[in-house]
Amino acid sequence: MKALYFISFVLAANFCNAQVLFEEKASQLGLDNSSYGTGILGGGISFYDFDNDGWDDLTLATEDGSSVRFFKNNQGLFEEVFFNITNDAHQIKTVQWVDINNNGQNDFFVTFDNSANRLYKNLGNMVFEDITVSSGLFNNDHVSFGASWGDVNNDGFLDVLITSRNVVNTDEYNLLFLNNGDETFTDITVSAGLELENYLSFCAAFFDYDKDGYQDIYIANDKFDTSNLLYKNNGDNTFTNVSEVSGTDIMIDAMSTTIDDYNNDGWLDIYITNTPLGNVLYRNNGDGTFTDVADDSGTTFDSVGWGAAFLDADNDGFKDLHVVGEVFNSPNFISSAFYHNNGDGTFTIPTDSGIFDEESKSFSNAIGDSNNDGFPDIAVLNFSPSDNQLWENNTPQSNNWLKVKLQGTESNRQGIGSWIEIAVGGEQQYNYTLLGEGFLGQNSASEFFGIGDATAIDYVKVTWLSGIVDYIENPDINEQILIIEGEHPLSIDDFQAAYSTFQVYPNPSKNKKLTVNYIHFNETSTELEISTVLGQVLKTIPVTQEKTALNLSEFSSGLYFFTLKNEFSEVTKRVVID
């Protein structure tokens, strides 16, 4: 059923007023007769450019007895295409495009909850070879559900966490596989320190919650007797369960893990869908802890939620939120909601316009740009008899924007795990790249930034997992740019020199006394920041001389981070204070 909704509101100060307008156009764009079917607990959707032609394509999971469906985007119109990919017609959950060998070709990974997962290597020209067995990812005796990809050890190859939700076999647990760089994977679940328990896990996400340069893991677990899990990456292929100390160990019917920085403070937040008892929005406090602000922000949904995705629908500089779910024929439940970000930590469902669809049972949603106009569109996977939906963003283009796509060289080719920062009039926005998020979703490879009525961007800065930082001043607006790792090094040569010659000694310290040496570097806008492993900043020291002697007798013995930073870049060293 096609529908047209107008969403209007007053935007935050310094941004141009705009009226958000979405139109459901799946049938018009070639996506009719494309529902998931009636499979148990729905499946995934990918809004990702699988053939690298510059247009976001769609990949759709289907019910038991059907095959994955691929829709190529031909400059705004979709055409179903068929690859030599077979799935034995099992019940499909995750559908993801991932470059496992960094050769620039998107490989295909699919999970099932009633059969073994499949990994298909792209041989070029969208011809595929099933390498599931040879890769080490064959798991015929293990029921899977979601999957998320990240780089556990920053070696430039994407690893994968596969979640398990088996209500019959209580011995099954989540699996973490390390990419060996030769198209094979090694199961490191035990050695990495993940619990070997059946948590009934729906989905997971790799993200850097404490900004230490290593990707951590958050897992959404079903039912009230299993709390959600936050694993801190220790940087040595092991993880520590910090769920309780971080305050993220909530026990709900958790479905999804949606990660973004909704308040532009530079720290990644977590949105989790739930039953009518209410969704959760964990605000990252920047000190290793999170606070649930769903009630205060107005984003509880209070229905049966499944998928969720952040997007700046009107390009005003603040990320809005789209949530989908099931109705269950209750007059008190809604199947979807659009939450407009007011820019003050609160969200509002625009009057009479926030519910895109009042009838469908919806599960997964994903963000892409079907017509390359710079305004993010929304794809939704629905149960039969409803077709899947494509909500085209037809907001009047009064606000300006920038799209950024990454290509790693030292880091993984897709740039997963990178921080992208822009500044507009001195105000920062931050995006973080993920692969596998929300509820079984994969968003576009392009990162969207809205800049309101501003006509210039101060800079774009990309911090890669390798530690390389690219910096572009005054990029063109209203277009997509490709940033290749290492091609735009920082323009300040002195800071680059300091980056490689920043010394802290002795390390470990002696009697809590040590020396910080900047080696012929003196820049008053640079500072030394000392923080805990949980991200709490304990001391900030302006850099005004080449060498500084520190007496840290007020600090407890333990591990700390020393960060040399200015507006262009930063470098962090681990320091042990005895």
Side-chain angles (χ1 to χ4, degrees), residues 1-8 16 18-34 45-60 69-81 97 106 126 307 309-317 319-320 322 324 336 338 340 353 356-357 364-382 387-406 431 438 441-453 475-482:
M1 181 178 66
K2 294 186 289 292
L4 185 66
Y5 294 97
F6 292 87
I7 305 171
S8 60
C16 179
Q19 183 183 59
V20 170
L21 170 63
F22 279 90
E23 183 180 357
E24 203 295 287
K25 299 185 69 173
S27 179
Q28 297 177 43
L29 298 180
L31 296 167
D32 52 338
N33 300 316
S34 62
I45 189 168
S46 169
F47 207 161
Y48 192 90
D49 178 11
F50 51 60
D51 56 1
N52 293 327
D53 69 349
W55 295 83
D56 287 332
D57 309 300
L58 281 167
T59 306
L60 310 175
R69 302 187 69 180
F70 305 96
F71 289 85
K72 175 178 170 55
N73 187 341
N74 293 313
Q75 301 185 29
L77 294 175
F78 290 86
E79 174 190 4
E80 186 165 12
V81 293
W97 296 96
N106 293 312
M126 303 304 287
F310 284 101
L311 73 157
D312 186 355
D314 52 354
N315 282 333
D316 69 343
K319 295 180 180 68
D320 311 305
H322 180 243
V324 296
S336 62
F338 172 82
H340 170 247
S353 303
F356 287 144
D357 179 11
S364 183
N365 58 347
I367 306 305
D369 190 353
S370 64
N371 53 6
N372 279 345
D373 67 350
F375 280 66
D377 309 306
I378 306 170
V380 179
L381 181 135
N382 290 324
D387 274 344
N388 296 332
Q389 297 164 324
L390 179 62
W391 293 94
E392 186 178 86
N393 189 341
N394 292 326
T395 300
Q397 298 192 24
S398 55
N399 283 340
N400 296 314
W401 51 272
L402 177 72
K403 287 169 59 177
V404 179
K405 186 176 181 180
L406 302 182
N431 280 12
Q442 181 180 19
N443 294 326
S444 171
S446 300
E447 296 293 327
F448 298 79
F449 291 92
I451 63 171
D453 60 1
D476 292 335
I477 64 171
N478 295 333
E479 67 176 40
Q480 174 166 300
I481 61 173
L482 173 67

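FYI, the numbering just counts along the sequence from 1. Here the structure is a predicted model, which means the values were calculated and not measured.
When every heavy atom of S444 is checked against every heavy atom of G368, the shortest pair comes out as CB-CA, 3.8 Å. Across every non-hydrogen atom of A313 and P376, the tightest pair is CA-CG, 4.4 Å. Shown here for A445 and Y48, the closest heavy-atom pair between the two residues is CB-CE1, 3.4 Å. In terms of heavy atoms, G54 sits closest to N372 at O-ND2, 3.0 Å.
Put simply, the side chain of D320 reaches to within 4.5 Å of the side chain of D312, judged on heavy atoms. Residues E479 and I481 have side chains in contact (heavy-atom distance under 4.5 Å, counting atoms from C-beta outward). Q442 is not listed as a side-chain neighbour of T59, based on a closest heavy-atom distance of 4.5 Å or more. S34 is listed as a side-chain neighbour of L60, based on a closest heavy-atom distance under 4.5 Å. Between I451 and L402, the closest side-chain pair of non-hydrogen atoms is not below 4.5 Å. Counting heavy atoms from C-beta on, the side chains of F47 and L390 come closer than 4.5 Å. Proximity of V20 to H340: side-chain heavy atoms (C-beta onward) are nowhere separated by under 4.5 Å. Counting heavy atoms from C-beta on, the side chains of F375 and W401 come closer than 4.5 Å.
Put simply, CG on D369 and CH2 on W55 are 8.0 Å apart, with the number rounded to the nearest 0.5 Å. For the atom pair CG (D373) and CG (N394), the distance works out to 7.5 Å, reported to the nearest 0.5 Å. Remark: L58 CG to N388 CG distance equals 9.0 Å, nearest 0.5 Å. One distance of note links CD of E392 with CD of E23; it measures 6.5 Å at 0.5 Å rounding. Atoms CG and OG, from L482 and S446 in turn, are 9.5 Å apart once rounded to the nearest 0.5 Å.
Side-chain polar atoms of N478 and N400 form a donor-acceptor pair below 3.5 angstrom.
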Apply side chain to side chain contact (heavy atoms under 4.5 Å, CB included) to L311 and F448, showing your working.
-> CA-CA 8 Å; L311 73 157; F448 298 79; over 6 Å; no
Could you check L77 against E79 for side chain to side chain contact (heavy atoms under 4.5 Å, CB included), going step by step and ending with a plain yes or no?
-> CA-CA 7 Å; L77 294 175; E79 174 190 4; over 6 Å; no
Tell me, with the steps shown, if D387 and L31 meet side chain to side chain contact (heavy atoms under 4.5 Å, CB included).
-> CA-CA 8 Å; D387 274 344; L31 296 167; over 6 Å; no
Determine, step by step, whether N431 and K319 satisfy the side chain to side chain contact (heavy atoms under 4.5 Å, CB included) criterion, reporting the C-alpha distance in whole Å, the side-chain angles of both residues, the deciding distance to 0.1 Å, and the verdict.
-> CA-CA 10 Å; N431 280 12; K319 295 180 180 68; 3.1 Å; yes
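A donor-acceptor contact shorter than 3.5 Å links the side chain of N365 to the backbone of H322. No side-chain donor-acceptor contact under 3.5 Å links N73 to the backbone of D49. Side chain of N315 to main chain of N399: no donor-acceptor pair is present (N/O by atom type, distance under 3.5 Å, no hydrogens or angles). Not a single donor-acceptor pair under 3.5 Å links the side chain of E447 to the backbone N or O of F449. Distance alone, capped at 3.5 Å, places no donor-acceptor pair between the D56 side chain and the S370 backbone.
Ion pairing between K25 and D377 fails under the 4.0 Å rule for side-chain N and carboxylate O.
Take N52 and apply the side-chain contact (heavy atoms from CB on, under 4.5 Å) test, not counting sequence neighbours, and it matches N106, K405. Residues meeting the side-chain contact (heavy atoms from CB on, under 4.5 Å) test with N443, sequence neighbours left out: A366, I367, E437. Every residue two or more places apart in sequence or in another chain that forms a ring-ring contact (aromatic ring centres under 6.0 Å, His included) with F50 is listed here: F83, W97.
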